[in-house]
There are 2 protein chains.
Amino acid sequence: MGVIEKIRPATVKTAAPQADLPLNQILKMDCIEAMRSLPDACIDMVFADPPYNLQLGGDLLRPDNSKVDAVDDDWDKFDTFATYDAFTRAWLAEARRILKPNGSLWVIGSYHNIFRVGTAVQDAGYWILNDIVWRKSNPMPNFKGTRFTNAHETLIWASKSEKSKYTFNYRAMKTLNDELQMRSDWLIPICGGQERLKRNGTKAHPTQKPEALLYRILLACTKPGDVVLDPFFGTGTTGAVARRLGRDWIGCEREDVYCEVAEERIAAALPLDESALKTMQSPKSAPKVAFGQLVEAGYLTPGAKLFDRKRQFEAVVRADGSIACGAVDGSIHKVGSTIQNAPSCNGWTYWHFAASDGAMKPIDDLRQTYLLATEP
Amino acid sequence: MGVIEKIRPATVKTAAPQADLPLNQILKMDCIEAMRSLPDACIDMVFADPPYNLQLGGDLLRPDNSKVDAVDDDWDKFDTFATYDAFTRAWLAEARRILKPNGSLWVIGSYHNIFRVGTAVQDAGYWILNDIVWRKSNPMPNFKGTRFTNAHETLIWASKSEKSKYTFNYRAMKTLNDELQMRSDWLIPICGGQERLKRNGTKAHPTQKPEALLYRILLACTKPGDVVLDPFFGTGTTGAVARRLGRDWIGCEREDVYCEVAEERIAAALPLDESALKTMQSPKSAPKVAFGQLVEAGYLTPGAKLFDRKRQFEAVVRADGSIACGAVDGSIHKVGSTIQNAPSCNGWTYWHFAASDGAMKPIDDLRQTYLLATEP
DNA sequence: AACATTGGTGAATCACTAT
DNA sequence: GATAGTGATTCACCAATGT
């Protein structure tokens with residue numbers, strides 16, 4: 001019997017002062033302008049899929065309106081990069097302002113732009129937690145045979161600052177990946193088939209992202225009820241997945257066509273019910289049990305003997321829940337670390353007791369039994 | 001039969017004025033100084049494995065309390081991003097000067113530094129051709145369960161300029177990859193076992209790269225007789241592979257110990273061993289599918305019901321790919337074994353879902369469908 | 001000889017709470 | 001803010017030893 005059964009339901013979040021946020025809406029304007037209309041520290045996650053190419057076509061902010069003669073290729077390139085960098089730094093700064101202190105940022109890009117974005121992320125004060133590789137199971141081939149098949153895109157996951165206590169649902173990710181830690185390389189098909197949104201028979205958006213990608217991101221790094229903002233909303237993949245997973249969302253998008261498609265799509269995306277939303281929890285969210293409680297409750301009698309797995313050490317349980325091993329005494333953890341000369345020790349798994357059948361079992365088993373018996 | 005045999009003989013090169021180059025030698029000095037001693041446009045490829053600027057905190061302990069041997073060498077320490085950027089731009093500029101017009105650059109890094117390096121590569125006038133993901137088959141886990149397992153590093157491949165007629169041995173790569181185009185994600189084990197160089201019983205260099213990685217790079221982007229320069233030579237992986245493949249090399253390295261180890265190693269010039277060849281020839285990973293992927297991909301919706309063949313038990317699919325059957329929850333395998341009180345259970349064949357025609361089908365059918373749809 | 005068990009390790013930005 | 005206490009946390013591969 002595992003630990004899972006003991007997990008309490010998600011604690012109810014204290015009424016968030018978010019009543020004035022434009023939740024679950026598309027702000028039909030430039031993303032920087034849109035973010036400026038929001039208060040500081042109100043967003044749990046920003047997911048951004050910014051323009052990749054550097055052919056800006058007047059779309060983006062140009063710090064000064066000077067026109068550069070495209071005589072020198074290198075200079076022209078530099079100007080283009082500088083313009084893109086300025087735009088990137090501007091939206092990243094706004095995004096960081098509206099992020100809560102423990103909020104996090106996801107950005108996706110390809111080799112055309114991701115290095116510039118990543119540098120700007122670091123310079124803006126974010127703290128990179130991982131870079132993630134989206135491996136496409138069905139990428140477009142390199143028709144000319146001149147390069148390697150460009151079969152992946154890169155995502156950056158960063159917290160607002162180095163000290164942030166960001167959300168990472170470790171256990172849910174491990175469960176999702178067949179009880180192995182989720183790695184930084186994800187194999188996910190590109191968006192096609194029924195999922196690919198069409199408008200007048202052609203694809204509605206050139207770079208629609210697969211829902212599976214957003215699903216994993218939101219499941220990993222947000223909690224139900226969190227607010228996710230997407231500055232480049234497009235056809236609303238972020239909104240659709242957020243709604244399904246019981247997260248609130250805010251989108252920024254200037255193109256009317258995209259907004260229409262996104263609104264239809266999200267309306268059709270049904271939220272999951274609460275039981276389906278539940279994910280595997282880490283044992284640390286289970287109520288704590290002090291070793292002394294087991295003694296009080298009679299699961300172990302004062303005077304009982306505890307052993308390490310190899311029976312090299314023997315300790316005696318005392319009435320107050322401390323244990324003594326030779327001259328060393330104290331908590332199960334402290335004695336364990338002292339006699340091993342280790343910096344730390346989890347006494348629950350280090351110490352064993354002799355069960356009625358003579359087998360040695362970790363005292364953590366007793367804790368589980370106690371939890372089962374005392375859970376309301 | 002390896003791939004080597006398929007390589008065409010070197011096309012006759014126009015009399016190369018390279019008689020005065022320090023071929024197949026280690027220049028025992030700072031790499032910028034070393035490159036300055038070389039003439040313009042004399043190198044076919046630069047492969048660089050620069051310091052990553054890891055910025056590690058305190059010690060990291062494994063679950064068994066042993067200490068992780070961190071990279072704490074002085075050569076990896078930089079005060080600020082600005083210092084690191086200046087260093088990066090300086091060596092990239094020298095490297096570009098000594099590259100032939102059709103030469104190309106490879107750089108490897110992790111999320112700590114690769115974004116800054118990539119930005120500098122673009123700003124220096126190089127033209128990025130691909131970014132390549134080295135997926136590690138055996139990375140170090142994330143011991144604390146705080147992030148995704150950092151399971152890859154990133155390489156950038158760039159030509160000297162946009163107009164360069166760079167070398168890409170498309171046919172050799174396709175042959176190496178079972179007659180499929182070589183993709184931008186490469187699965188290669190980290191360097192260990194016999195290949196890992198030791199000095200006094202401990203690793204000679206903290207970040208020795210696997211020969212398989214260099215093998216693929218040199219095979220793809222150089223011709224026999226080409227000159228490869230490595231500004232951060234370390235223990236000479238680049239030199240060893242270059243020699244085996246009939247390429248000339250030049251290394252830059254300041255540390256005497258690394259130079260000694262590298263010289264011995266290259267002199268020994270071991271032929272590729274069988275295991276290394278195998279890793280290079282069969283880069284495809286086993287098509288393993290986690291149950292959670294089916295949920296992410298929409299093959300099963302959270303909230304869907306699963307049944308055993310006799311419909312005695314019913315379980316609900318949850319968002320993270322766990323299932324819940326009454327009070328029991330966990331993976332499809334664990335829940336199956338628990339409710340049957342069996343030591344183990346193959347969830348794929350035990351659990352069934354109701355197909356659109358009402359028939360009960362094992363979820364393994366979904367896995368097969370998914371594999372067919374996503375097989376790379 | 002063949003197989004099972006144990007121990008070691010790899011470019012890592014690796015905890016949280018109460019006092 | 002610093003310190004101390006509690007206790008959560010690992011995958012693949014290789015080498016050496018044990019059965």
Side-chain angles (χ1 to χ4, degrees), chain A residues 3 122 126-131 157-159 162-163 165-166 168 170-171 174 177-184 282-286 288-291 309-310 330-338 342-351 363-364 367, chain B residues 49-73 75-78 81 108-114 134 136-154 187 189-196 198 201-203 205-210 232 234 275 279:
Chain A
V3 163
Q122 289 180 313
Y126 294 92
W127 189 247
I128 297 185
L129 299 166
N130 277 117
D131 60 336
W157 176 39
S159 57
E162 183 177 353
K163 304 295 180 202
K165 291 175 185 167
Y166 54 87
F168 181 57
Y170 173 76
R171 205 63 196 73
K174 192 168 176 177
N177 195 37
D178 253 6
E179 291 304 316
L180 285 180
Q181 285 189 338
M182 186 69 81
R183 299 169 37 120
S184 56
S282 156
K284 72 178 142 190
S285 52
K288 271 193 194 175
V289 177
F291 181 69
R309 200 172 50 83
K310 294 183 179 173
S331 73
I332 50 173
H333 314 294
K334 178 157 175 280
V335 173
S337 63
T338 304
S344 69
C345 167
N346 184 345
W348 291 109
T349 50
Y350 181 76
W351 293 109
I363 56 177
D364 197 45
R367 179 167 63 160
Chain B
D49 180 9
Y52 286 9
N53 189 22
L54 286 182
Q55 309 175 66
L56 302 180
D59 287 347
L60 175 63
L61 298 180
R62 302 167 191 270
D64 64 1
N65 277 324
S66 66
K67 203 177 117 191
V68 172
D69 185 18
V71 177
D72 54 2
D73 307 73
W75 49 252
D76 196 50
K77 295 206 187 330
F78 295 84
F81 279 139
I108 183 168
S110 66
Y111 67 84
H112 309 85
N113 71 323
I114 197 64
W134 167 28
K136 304 180 184 185
S137 56
N138 49 350
M140 195 184 318
N142 182 292
F143 294 115
K144 304 294 187 191
T146 54
R147 304 181 180 189
F148 299 97
T149 304
N150 192 7
H152 74 275
E153 294 188 24
T154 301
L187 183 66
I190 59 176
C191 181
Q194 295 302 316
E195 190 189 328
R196 187 84 193 204
K198 299 280 171 70
T202 57
K203 56 188 178 190
H205 193 282
T207 71
Q208 186 184 340
K209 296 294 176 287
F232 308 96
S275 66
T279 28

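Since the model is a prediction, treat every value here as computed from it, not as a measurement. Residue numbers start from 1 in every chain, and the chains themselves are labelled A, B, ... in the order their sequence lines are given, proteins ahead of strands.
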Q: Please tell me which of the listed nucleotides, C/dA11, D/dC11, D/dC13, lies nearest to the side chain of B/I190?
A: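 Comparing C/dA11, D/dC11, D/dC13 against the side chain of B/I190, the answer is C/dA11.
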Q: Report the nucleotide, chosen from D/dC11, C/dA11, C/dA12, that has the shortest atom-to-atom distance to any side-chain atom of B/L60.
A: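 From the listed options, C/dA12 comes nearest.
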Q: Is B/R196 side chain donor-acceptor paired with the C/dT9 base, going by distance under 3.5 Å alone?
A: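 No such pair is found, so the answer is no.
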Q: Rounded to whole angstrom, note down the P distance from C/dT19 over to D/dG7.
A: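 The same atom, P, in both gives a distance of 14 Å.
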Q: Please write out the pairs of protein N or O atoms and N or O atoms of nucleotides 5-8 of chain C separated by less than 3.5 Å, giving the distance to one decimal.
A:
residue, atom, partner, partner atom, Å
C/dG7, OP1, A/K310, NZ, 3.1

Q: What does B/S110 touch in the nucleic acid at a heavy-atom separation under 4.0 angstrom: a base, only the sugar-phosphate, or nothing?
A: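 Since no nucleic acid heavy atom lies under 4.0 Å of B/S110, the category is nothing.
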Q: Please confirm whether the shortest side-chain N or O distance from B/N150 to OP1 or OP2 of C/dT13 is below 4.0 Å.
A: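 Affirmative; the distance criterion is met.
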Q: Any Lys/Arg nitrogen of B/K203 or B/D69 sitting under 4.0 Å from an Asp/Glu carboxylate oxygen of the other?
A: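 Looking at B/K203 and B/D69, the cut-off is met.
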Q: Just to be sure I understand the rule, does A/N177 reach a base, reach only the sugar-phosphate, or reach nothing, if contact means heavy atoms closer than 4.0 Å?
A: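 Since no nucleic acid heavy atom lies under 4.0 Å of A/N177, the category is nothing.
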Q: In whole angstrom, give me the gap between the P atoms of D/dA8 and C/dG10.
A: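 Roughly 28 Å separates the two P atoms.
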Q: Mind checking the C1' distance from D/dT17 to C/dA1? Whole angstroms is fine.
A: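 Their C1' atoms lie roughly 15 Å apart.
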Q: Does a nitrogen or oxygen in the side chain of A/Y350 sit under 4.0 Å from OP1 or OP2 of D/dT9?
A: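 No, A/Y350 has no side-chain N/O under 4.0 Å of OP1/OP2 on D/dT9.
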Q: Under 3.5 Å, is there any donor-acceptor pair linking the side chain of B/K144 to the base of C/dA12?
A: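 Checked by distance alone, the answer is no.
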Q: Between B/K209 and B/E195 (salt bridge meaning N to carboxylate O under 4.0 Å), is one present in this structure?
A: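 Salt bridge: no.
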Q: Taking 5.5 Å and 30° as the limits, would you call A/W127 and the base of C/dT13 a stacked pair?
A: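 It does: the ring sits over the base of C/dT13.
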Q: Might you point out which heavy atoms bring A/Y166 and A/L129 nearest each other, and give the distance in Å?
A: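 For A/Y166 and A/L129, the tightest heavy-atom pair comes out as CE2-CD2, 3.5 Å.
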Q: If the cut-off is 4.0 Å, is A/S282 near the phosphate of D/dT9, judged by side-chain N/O to OP1 or OP2?
A: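 Yes, A/S282 has a side-chain N/O under 4.0 Å of OP1/OP2 on D/dT9.
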Q: Is it true that the side chains of A/S331 and A/H333 contain a donor and an acceptor less than 3.5 Å apart?
A: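 No pair is found: no donor N or O on one side chain lies under 3.5 Å from an acceptor on the other.
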Q: Rounding to an integer number of angstrom, what distance separates D/dT10 and C/dC16 when you compare their P atoms?
A: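 Taking atom P in both D/dT10 and C/dC16, they lie 15 Å apart.
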Q: Return no unless some side-chain N or O of A/K174 is found under 4.0 Å from OP1 or OP2 of D/dT10.
A: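 So the side chain of A/K174 is within the cut-off, an N or O lying under 4.0 Å from OP1 or OP2 of D/dT10.
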Q: Could you list the residues that satisfy side chain to side chain donor-acceptor pair (under 3.5 Å) with B/T207, not counting sequence neighbours?
A: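 In terms of side chain to side chain donor-acceptor pair (under 3.5 Å), with neighbours along the sequence ignored, B/T207 is linked to B/H205.
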Q: Just call it for B/N142: base, sugar-phosphate, or nothing, with non-hydrogen atoms closer than 4.0 Å on any strand.
A: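 Here B/N142 touches the bases of the nucleic acid.
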Q: Rounded to whole angstrom units, what separation is found between the CG atom of A/D364 and the P atom of D/dT9?
A: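 Interatomic distance, CG of A/D364 to P of D/dT9: 11 Å.
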Q: Filter on salt bridge (charged side-chain N to carboxylate O under 4.0 Å, His left out), then keep only pairs touching residues 137-153 of chain B, sequence neighbours left out; what's left?
A: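 Sorted result for residues 137-153 of chain B: B/K136-B/E153.
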Q: How far, in whole Å, is C/dA12 from D/dT6 if one measures between their C1' atoms?
A: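 Going atom to atom, C1' in each nucleotide, I get 24 Å.
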Q: With a non-hydrogen cut-off below 4.0 angstrom, is A/R367 in contact with a base, only sugar-phosphate, or nothing?
A: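 Sugar-phosphate, backbone atoms only, no base.
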Q: Mind checking if B/S137 touches a base, just sugar-phosphate, or nothing, with heavy atoms under 4.0 Å?
A: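 Here B/S137 touches the backbone only, sparing every base.
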Q: Between N or O atoms, less than 3.5 Å apart, protein on one side and nucleotides 15-17 of chain D on the other: list the pairs.
A:
residue, atom, partner, partner atom, Å
D/dA15, OP1, B/Q194, NE2, 2.7

Q: Give each protein N/O atom lying under 3.5 Å from an N/O atom of nucleotides 16-19 of chain C, with the pair distance.
A:
none

Q: Please, what dot-bracket string fits DNA chain C when only Watson-Crick and G-U pairs with both distances under 3.5 Å count, crossing ones use [ ] and pairs to another strand use |?
A: .|||||||||....|||||
Q: Within less than 4.0 Å of OP1 or OP2 of D/dG5, is there a side-chain N or O belonging to A/S331?
A: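 Answer no for this pair, as no side-chain N or O of A/S331 is under 4.0 Å from OP1 or OP2.
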